[in-house]
Amino acid sequence: MSVDPSIRCWLCLELVPLSTDVFALEAEWQRRFPDMVGTLVCRPSAVGTTWCCTTGSAFVAGRIPASGLPCADAWSHLSQPGTHHVMVMRYPRSSLLQGDGPYLRRLGNHPDSDPGVHAALCPVLQDQAARSTASARQKPERSCRSWKNRSR
């Protein structure tokens with residue numbers, strides 16, 4: 001059974017259509033919005049949010065500089081857009097927090113998954129399983145098979 005990525009935008013809370021790109025928000029967004037869950041957003045939310053990095057001629061207190069661009073506004077603190085598949089792999093923790101657990105578990109547990117994919121996803125999935133187990137006080141769910149015991 002095929003499972004496609006399913007990312008819910010952090011800002012508008014809508015599912016981001018697979019046909020559109022996803023943006024990741026940099027640390028300055030996280031500083032300004034400390035309660036945000038995940039860092040992935042849809043294009044309308046990414047480009048429709050405005051704030052400035054300066055007040056008058058000085059940067060705002062506590063500002064975290066943008067990576068790769070001059071620091072000017074909210075747009076300076078966005079990643080390059082990427083497809084769902086790419087952004088899920090680049091930001092697995094955010095993807096998991098934003099509702100993409102089934103897709104990540106499928107990738108991490110698939111018998112034909114690349115060892116690098118498995119190595120990147122396994123710690124994220126195990127951490128999430130431990131957190132949900134601790135909060136539910138239930139037996140841990142097997143979220144990641146052992147790579148050594150994998151059969152081809």
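Atom set for the values below is all heavy atoms of this structure, side chains included, hydrogens, waters and symmetry mates excluded.
Considering only heavy atoms from C-beta on, M87 stays 4.5 Å or farther from S95 through its side chain. In this structure, the side chains of R105 and L125 come closer than 4.5 Å at one or more pairs of heavy atoms. H77 is listed as a side-chain neighbour of C53, based on a closest heavy-atom distance under 4.5 Å. A 4.5 Å side-chain heavy-atom check between W75 and V47 finds at least one atom pair inside the cut-off. When side chains are defined from C-beta on, D73 does not count as touching T50, because their heavy atoms never get closer than 4.5 Å. Proximity of L25 to M36: side-chain heavy atoms (C-beta onward) are separated by under 4.5 Å at one or more points. For the pair E26 and I64, the minimum side-chain heavy-atom distance is 4.5 Å or more. Between H84 and I7, the closest side-chain pair of non-hydrogen atoms falls below 4.5 Å.
In terms of modelled atom types and a separation under 3.5 Å, the side chain of S76 and the main chain of P70 share a donor-acceptor contact. Looking only at distances, a side-chain donor or acceptor of R8 sits under 3.5 Å from a matching main-chain atom of L13. For Q128 (side chain) and L96 (main-chain N/O), no donor-acceptor pair under 3.5 Å exists by modelled atom type. Judged purely by atom type and a 3.5 angstrom limit, S45 has no side-chain atom pairing as donor or acceptor with the backbone of C42. Counting only distance, with no hydrogens or angles, the side chain of R31 and the backbone of G62 share a donor-acceptor pair below 3.5 Å. Side chain of W29 to backbone of T39: no donor-acceptor contact under 3.5 angstrom is found.
Across every non-hydrogen atom of V37 and Q98, the tightest pair is O-CG, 3.7 Å. Heavy-atom minimum distance, P92 versus L104: O-CD1, 3.5 Å. Contact between Y103 and D4 at its shortest, heavy atoms only, is CD1-C, 3.7 Å. Pairing each heavy atom of S79 with each of Y91, the nearest pair is CB-OH, 4.1 Å. S94 and L40 make their closest contact through CB-CG, 4.0 Å (heavy atoms, listed as atom of the first residue, atom of the second, distance).
Criterion: ILVMFWY side-chain heavy atoms under 4.5 Å apart, direct or through other members. Under it, F59 and W51 are not part of a common hydrophobic cluster. Cluster annotation: F33 is connected to L78 through the hydrophobic network of ILVMFWY side chains, with a link wherever side-chain heavy atoms come within less than 4.5 Å. Clustering ILVMFWY residues whenever any of their side-chain heavy atoms sit less than 4.5 angstrom apart, transitively, puts V22 in a cluster other than the one holding L11.
The CG atom of L18 lies 6.5 Å from the NE2 atom of H85; values are rounded to the nearest 0.5 Å.
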